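The block underneath contains the structure these notes are about, expressed in structure tokens.
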Number of protein chains: 2
Amino acid sequence: MTASPQVPYRVWQDTSDAFNSDCPVREVLDHITSRWGVLILAALTRGSMRFAELHKMIDGISEKMLSQTLRMLVRDGLVTRTVEPVTPPRVRYELTELGEGLTVSLQPFLDWLYRHTADIVMAQNRHDRDVT
Amino acid sequence: MTASPQVPYRVWQDTSDAFNSDCPVREVLDHITSRWGVLILAALTRGSMRFAELHKMIDGISEKMLSQTLRMLVRDGLVTRTVEPVTPPRVRYELTELGEGLTVSLQPFLDWLYRHTADIVMAQNRHDRDVT
DNA sequence: CAGCATCCAAAAGGATACTG
DNA sequence: CAGTATCCTTTTGGATGCTG
């Protein structure tokens with residue numbers, strides 16, 4: 001983990017490690033677990049979506065963050081952006097094959113989340129009661 | 001999704017939805033996907049860890065954020081904090097059963113991450129070349 | 001050792017106004 | 001419609017110094 005600090009980061013296929021802040025794995029993790037990343041990816045599992053649809057579906061996101069996060073996901077090759085040449089413009093966002101694979105891998109976590117949020121809220125209440 | 005806005009949020013078991021910013025599912029999602037949440041949970045899958053061990057293992061985290069995120073995870077019932085009454089103090093952090101279940105559900109995602117970070121970096125390079 | 005408190009810098013994020 | 005640009009606020013986070 002502390003080996004060869006003198007050479008620029010390169011052979012991350014072998015030595016990669018999300019615990020290392022210089023490793024691309026860490027950067028990608030940060031992108032996906034960014035505040036709106038998982039929610040946008042989850043929304044797109046329902047199929048192709050337009051900007052306004054995503055904006056309406058994901059409660060609380062601003063246009064700025066939606067646009068910003070979508071650009072990042074497109075750059076990462078997880079989402080495609082397709083402009084239909086009509087007026088007014090119509091833009092469709094869709095998962096790539098890579099993005100599909102990612103959402104499949106996220107499914108167990110999302111399932112867990114829905115099934116255990118109740119447990120967590122209970123734990124929070126218990127904790128707040130005990131500590132206060 | 002927009003039903004009964006006049007009553008305080010309550011029946012989230014049935015209507016829960018991470019896309020709703022008022023839903024506990026969303027809050028829990030934010031906790032887990034907070035900047036250091038996944039990394040700390042992943043680190044603890046290797047077994048019980050002391051504060052300094054976590055600090056050393058997770059590159060780039062400050063003591064403040066480590067302590068802050070650990071407190072949140074303890075409150076959420078995902079991690080236990082045990083103080084051994086010796087001097088100097090020794091504190092062990094460990095996954096609870098709930099936390100274990102969570103990390104199991106995160107495993108497919110982490111596996112995907114390691115296997116596909118290369119693809120994402122390639123997509124980024126392609127994108128940067130094309131757009132610039 | 002395991003932290004908390006404080007202060008400060010940086011980044012994230014929201015509101016608004018505007019454009020092709 | 002689907003954004004971008006700007007400004008501003010809030011949050012995040014790091015560095016430092018201190019304690020039981």
Side-chain angles (χ1 to χ4, degrees), chain A residues 18-22 26-40 43-44 47-76 79-94 127 131-132, chain B residues 18-22 26-27 29-40 43-44 47-75 79-94 127 131-132:
Chain A
F19 296 117
N20 180 342
S21 59
D22 289 335
R26 173 77 149 261
E27 187 201 341
V28 173
L29 176 67
D30 286 343
H31 285 191
I32 296 169
T33 65
S34 73
R35 179 154 180 201
W36 304 106
V38 171
L39 285 175
I40 293 177
L44 290 174
S48 134
M49 299 267 265
R50 296 175 59 184
F51 188 86
E53 289 182 295
L54 286 168
H55 188 227
K56 213 166 99 178
M57 180 167 179
I58 302 172
D59 195 33
I61 194 172
S62 65
E63 291 188 352
K64 176 183 166 182
M65 290 317 296
L66 179 55
S67 146
Q68 205 167 291
T69 309
L70 280 170
R71 277 205 301 273
M72 187 182 68
L73 296 175
V74 168
R75 175 168 180 265
D76 287 349
V79 170
T80 57
R81 178 180 185 276
T82 313
V83 184
E84 295 178 38
V86 294
T87 45
R90 188 168 298 183
V91 180
R92 292 182 350 202
Y93 291 93
E94 211 159 351
H127 183 270
V131 170
T132 314
Chain B
F19 296 118
N20 181 342
S21 60
D22 290 333
R26 172 78 147 264
E27 189 202 338
L29 176 67
D30 286 344
H31 285 190
I32 297 169
T33 65
S34 72
R35 180 155 179 202
W36 304 106
V38 171
L39 285 175
I40 292 176
L44 290 174
S48 135
M49 300 265 264
R50 295 176 58 185
F51 187 86
E53 290 181 295
L54 286 168
H55 188 225
K56 213 166 100 177
M57 180 167 180
I58 302 173
D59 194 33
I61 195 171
S62 65
E63 292 188 351
K64 175 182 169 182
M65 289 316 297
L66 178 56
S67 146
Q68 203 167 291
T69 309
L70 280 170
R71 276 205 303 273
M72 186 181 68
L73 295 176
V74 169
R75 174 168 180 265
V79 170
T80 57
R81 178 179 186 276
T82 313
V83 184
E84 295 178 36
V86 296
T87 47
R90 189 168 299 182
V91 180
R92 292 183 350 202
Y93 292 93
E94 210 158 351
H127 182 270
V131 170
T132 316

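Proteins come first, then strands; the chains are lettered A, B, ... in the order of their sequence lines, and each starts at number 1. All values derive from a computational prediction rather than experimental measurement.
- Each of A:Arg35 and A:Pro88 has a nearest nucleotide on DNA chain C; the 5'-most of these lies closest to A:Arg35.
- In this structure, CG of B:Leu39 is placed 12 Å from P of D:dG13, rounded to the nearest angstrom.
- Taking every side-chain heavy atom of A:Ser67 into account, D:dT4 is the closest of D:dT4, C:dG3, D:dC1.
- Mapping B:Gln68 and B:Glu63 onto DNA chain D by nearest heavy atom places B:Gln68 closer to the 5' end of the strand.
- One finds no side-chain N or O of B:Tyr93 lying less than 4.0 angstrom from the OP1 or OP2 phosphate oxygen of C:dC1.
- Rounding to the nearest 0.5 Å places CG of A:Leu54 at 12.5 Å from CZ of A:Arg92.
- At the heavy-atom level, B:Arg92 lies nowhere under 4.0 Å from the strands shown.
- With D:dG14, D:dG3, D:dT4 as the candidates, the nucleotide lying closest to the side chain of A:Arg81 is D:dG3.
- One can place CD1 of A:Ile61 at 15 Å from P of D:dA2, the figure rounded to the nearest angstrom.
- Considering only heavy atoms from C-beta on, A:His55 comes within 4.5 Å of A:Ile61 through its side chain.
- Using modelled atom types, no side-chain atom of B:Arg35 and backbone atom of A:Asp30 make a donor-acceptor pair closer than 3.5 Å.
- Per the geometry, NZ belonging to A:Lys64 stands 11 Å off P belonging to C:dA15, to the nearest Å.
- Among A:Arg50, A:Glu84, A:Arg81, the one residue that satisfies the side chain to side chain contact (heavy atoms under 4.5 Å, CB included) test with A:Val91 is A:Arg81.
- Atom CD1 in B:Ile58 sits roughly 14 Å away from atom P in C:dA2 (whole-Å rounding).
- Taking atom CE of residue A:Met65 and atom P of nucleotide C:dA15, one finds them 13 Å apart after rounding to whole Å.
- The interatomic distance linking B:Leu66 (CG) with D:dG13 (C1') rounds to 13 Å, in whole Å.
- OP1 or OP2 of C:dA2 lies within a sub-4.0 Å distance of a side-chain N or O belonging to B:Arg50.
- A heavy-atom distance below 4.5 Å is not found between the side chains of A:Leu66 and A:Trp36.
- Residues B:Glu53 and A:Trp36 both approach DNA chain C. Their nearest nucleotides, taken by heavy-atom distance, put B:Glu53 toward the 5′ side.
- Going from atom NE2 of B:His55 over to atom P of C:dC4 covers 13 Å, rounded to whole Å.
- B:Met49 places its CE atom 16 Å from the P atom of C:dC1, with the value rounded to the nearest Å.
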